[in-house]
Amino acid sequence: MYVARWFMSVRPRPGEQVPSLTAQVARASNPGGTTAMWVRDRLDGLWRDEDFTAWYPRDGRPGLSPAQLATVSVLQFLCNLSDRQAAEAVRCRIDFKYALALPLDDPGFHHSVLSDFRDRLADGGRADLLLDLALRRLREAGLVKERGRQRNDSTHIVAAVRDLTRLELVTEAIRAALEELARTAPQELAGLVTE
């Protein structure tokens, strides 16, 4: 499964609209809106699947929408969520489904997809290209002024992503080791873990 991620391909989804039932339920349950709804309403089209076609081979099996994964990454940062929490939010939260234009019954994805996406993002300066593209589109939409103080050097972003990925790997390794220890020698954990 780990190696197979690099053989995914992009199948662009032009003009993806929020399903009417998702929009109706999201507006009814959050009349004031949420961060995720704001992202959809104001930043829709910030990225398109076509922007990511060079990142993926042409002949792999269809993968998740990279534009949606980029949006999830933004929401993850804005809401201060771990990969697991972000994947759960996509699966369970109506406002996330609204932001990603997903039907209410969409099952979401496994949290490891976000780490895989960040690996692609960190490869070969792609983060800089994606940030420049986002800034250009934000400028075109009038959300960032031409002579503003925005920073388009994404070195600090790439470093933070790299640190987060490493921390996540260490956390997952410790979790896996503890689960294996609990399975094979639970008495070893008796003094370390309380109810």
Side-chain angles (χ1 to χ4, degrees), residues 1 4-121 126-127 130-131 133-144 157 161 164 168 172:
M1 181 170 159
R5 70 181 181 173
W6 296 105
F7 299 108
M8 303 299 272
S9 64
V10 175
R11 302 291 191 266
R13 304 168 311 116
E16 190 72 22
Q17 298 294 318
V18 178
S20 59
L21 184 59
T22 302
Q24 180 183 358
V25 172
R27 293 278 175 221
S29 61
N30 302 291
T34 67
T35 300
M37 293 169 73
W38 183 91
V39 166
R40 174 66 188 197
D41 291 341
R42 298 200 179 55
L43 301 181
D44 182 35
L46 190 58
W47 297 288
R48 299 178 189 103
D49 287 336
E50 294 83 4
D51 299 329
F52 300 88
T53 53
W55 296 21
Y56 296 86
R58 294 178 54 183
D59 56 352
R61 62 187 170 102
L64 296 170
S65 163
Q68 284 182 329
L69 292 174
T71 302
V72 170
S73 297
V74 168
L75 291 172
Q76 179 181 10
F77 173 78
L78 291 174
C79 298
N80 195 25
L81 303 173
S82 68
D83 285 353
R84 287 178 189 271
Q85 291 169 327
E88 183 176 342
V90 170
R91 187 172 43 259
C92 301
R93 287 180 52 175
I94 294 167
D95 60 337
F96 271 58
K97 290 188 183 295
Y98 176 89
L100 299 171
L102 297 173
L104 293 176
D105 61 350
D106 188 273
F109 53 82
H110 192 267
H111 67 89
S112 64
V113 171
L114 292 171
S115 176
D116 294 344
F117 181 74
R118 280 193 305 274
D119 288 346
R120 285 183 193 271
L121 186 63
R126 291 174 175 164
L130 198 58
L131 182 60
L133 175 64
L135 286 173
R136 188 177 77 236
R137 289 188 178 149
L138 288 170
R139 217 176 290 120
E140 291 167 359
L143 295 172
V144 174
I157 295 172
V161 166
L164 180 62
E168 191 174 84
E172 287 299 311

Checklist entry - Where do Q76 and S82 come nearest, in terms of heavy atoms and distance? => result NE2-C, 3.3 Å
Next on the checklist: If you define the side chain from C-beta out and look only at heavy atoms, does anything of L21 sit under 4.5 Å from P19?
Outcome noted: no
Checklist entry - Rounded to the nearest 0.5 Å, how far apart are CG of D116 and NE2 of H111? => result 10.5 Å
Item to check | Polar side-chain atom of K97 near backbone of R91 as donor-acceptor pair, under 3.5 Å | outcome: yes
Next on the checklist: Tell me whether N30 contacts the main-chain N or O of G32 through its side chain, where contact means a donor paired with an acceptor under 3.5 Å.
Outcome noted: no
Checklist outcome for this item: Heavy-atom closest pair (D95 atom, M37 atom, distance to 0.1 Å) is CB-CG, 3.8 Å
Item to check | From CG (L75) to CG (L100), nearest 0.5 Å | outcome: 6.5 Å
Checklist outcome for this item: Between A86 and V72 the two heavy atoms that sit nearest each other are CB-CG1, 4.3 Å
Checklist outcome for this item: dist S73:OG -> Q68:CD (nearest 0.5 Å) comes out at 11.5 Å
Next on the checklist: Going by the rule salt bridge (Lys or Arg N to Asp or Glu O under 4.0 Å), which residues pair with D41 if we only count those two or more places apart in sequence or in a different chain?
Outcome noted: R27
Checklist entry - At their closest point, which heavy atom of T22 faces which heavy atom of I94, and how far apart are they? => result O-CG2, 4.3 Å
Item to check | F96 vs L81 side-chain heavy atoms within contact, under 4.5 Å | outcome: yes
Checklist entry - How far does OG1 of T34 sit from CZ of R40, to the nearest 0.5 angstrom? => result 13.0 Å
Checklist outcome for this item: CG of L114 to CD of Q85, rounded to nearest 0.5 Å, is 11.5 Å
Next on the checklist: Ignoring hydrogens, what is the shortest heavy-atom contact between Y98 and A23? Give both atom names and the distance.
Outcome noted: CD1-CA, 3.8 Å
Item to check | Rounded distance (nearest 0.5 Å) linking atom CZ of R120 with atom CG of L130 | outcome: 13.5 Å
